[in-house]
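All ligand and atom numbering here is 1-based and tracks the order in the structure. For reference, positions follow the sequence shown, starting with 1.
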Amino acid sequence: MLDKVKSLISEIKDTSAKTNEEIEQFRLKFIGRNNIINDLFGEFKSVPADQKRELGPALNQLKVLAAAKLKELSASLNSKDVSSADVDVTLPGIHAMEGSIHPISQTRSRIIEIFERQGFNVEDGPEIDNDWNNFTALNFPENHPAREMQDTYFIEKDPDILLRTHTSNVQTRLMKAKKPPIRSIMPGRVYRNEAISARAHCFFHQVEGLVVGENISFKDLKNTLYHFSKEMFGKDTKIRLRPSYFPFTEPSAEIDISCFICGGSGCKICKQTGWVEIAGSGMVDPNVLENCGIDSTKYSGFAFGMGIERVTMLKYQLDDLRLFSENDIRFLKQF
Ligand code: DAH
């Protein structure tokens, strides 16, 4: 029996494996459930005592050796696997494509964040709406040019269903659905039937703001937009209100900010005026409040609307509106 053990020891020492199958054969023979070494331990019990002294250590050596060999065989085969396969582990890896948040989404989030800190909540409304919500309730006279086909995409006639031309349709819906106090901003996409150019597009994005309550004054409008402008464009930003006209506000004002590129001294972005326009605004016309079922003798309000593309273009000094919708990765990955 001792001879058998010795020959197995040298067999194990000489074993090498080129495939996982060969390793498995080795494992079955020396380590597996019915392995040969266990059989020998079985026989060992009936060996005469004088032979046991020499046979015992030899058997143990065999067992330890078999376990060590199995480890060695699988380690060497696995490392060979990598280096001999068709994989060049020294080549640089392939980068997973990284996405990024669209600049319009980034600006929208920033605008929302600034107004939320001033106590505004965010409201949403449909892009397809009826004429009443988009125009009539907002005090647009019947023959107002904005209703004509060249500006508005009509979907159905009688009753008129259209793609909203501004986010002000959400004002209407909100005032009909809720009682004051209202303090909301309404971001969204709007559509106009315009020829596409660097300065105009058939769709773009706006953020509408609406505050309705008791004793809301023009001062509140000014303070709100003043605070917004400083947060958005820097703490040295000044604002200027220019008289304007919108059917749904009276009085109405265009909001300009001091040019944050040249600081007001005049440059290409502000067309040498020192000011850039960022929003339309005004006190909600009492007719609009009444159209939406709000008592205009008790409540007043202000509203504003700004273009998200416009704010983004100013912030990053971009001069072509089309960049936002062309999905050119070279442009998008810069934000
Ligand atoms: N709806 C206007 C537009 O699309 C923007 C606007 C101006 C919204 C004044 C307002 C506002 O709420 O008060 O040009």
Sub-4.0 Å atoms of ligand 1 with respect to non-hydrogen atoms of T249: 13 (O)
For F246, the atoms of ligand 1 under 4.0 Å from one of its heavy atoms are 7 (C), 9 (C)
Between D160 and K157, is there a salt bridge with N-O shorter than 4.0 Å? yes
Does this structure show an ion pair linking K333 with E98, if we count only N-O contacts that are shorter than 4.0 Å? no
Quiz item: cation-pi between K69 and F26, 6.0 Å / 45°: no
Shortest heavy-atom approach to atom 14 (O) of ligand 1 - which of E208, M186, R192: R192
Q206 touching ligand 1 at heavy-atom level, < 4.0 angstrom: yes
Enclosure of R189 CZ (heavy-atom neighbours >12, cutoff 6.0 Å): yes
Classify the ring geometry between F135 and F140 as parallel (under 30°), tilted (30 to 60°) or perpendicular (over 60°). perpendicular
Can you confirm whether D50 is buried at CG, in the sense that more than 12 heavy atoms of other residues, nucleotides or ligands lie under 6.0 Å from that atom? yes
Below 4.0 angstrom, N of the basic side chain to O of the carboxylate: do E113 and R108 qualify? no
Mark up the atoms of ligand 1 that fall under 4.0 Å of a heavy atom belonging to S168, in ascending order. 1 (N), 8 (C)
Within the 4.0 Å heavy-atom cut-off, what R164 brings close to ligand 1 is neither
Is it the side chain (CB and beyond), the backbone, both or neither of F302 that lies under 4.0 Å from ligand 1, heavy atoms counted? neither
Protein contact to atom 5 (C) of ligand 1 [nearest heavy atom, distance to 0.1 Å]: G305 CA, 4.1 Å
Which residue and non-hydrogen atom of the protein lie closest to atom 2 (C) of ligand 1, and at what distance in Å? F248 CZ, 3.9 Å
Under 4.0 Å between heavy atoms, the region of A303 that gets near ligand 1 turns out to be both
Would you indicate whether K176, at its atom NZ, is surrounded by more than 12 heavy atoms from other residues, nucleotides or ligands within a distance under 6.0 Å? yes
G282: numbered ligand 1 atoms lying under 4.0 Å from its heavy atoms: 13 (O)
Distance filter under 4.0 Å to Q171 heavy atoms, resulting ligand 1 atoms: 12 (O)
Nearest atoms (heavy-atom pairs only) where P57 meets K52: CD-O, 4.2 Å
Can you tell me if M283 contacts ligand 1 (heavy atom of the residue under 4.0 Å from the ligand)? no
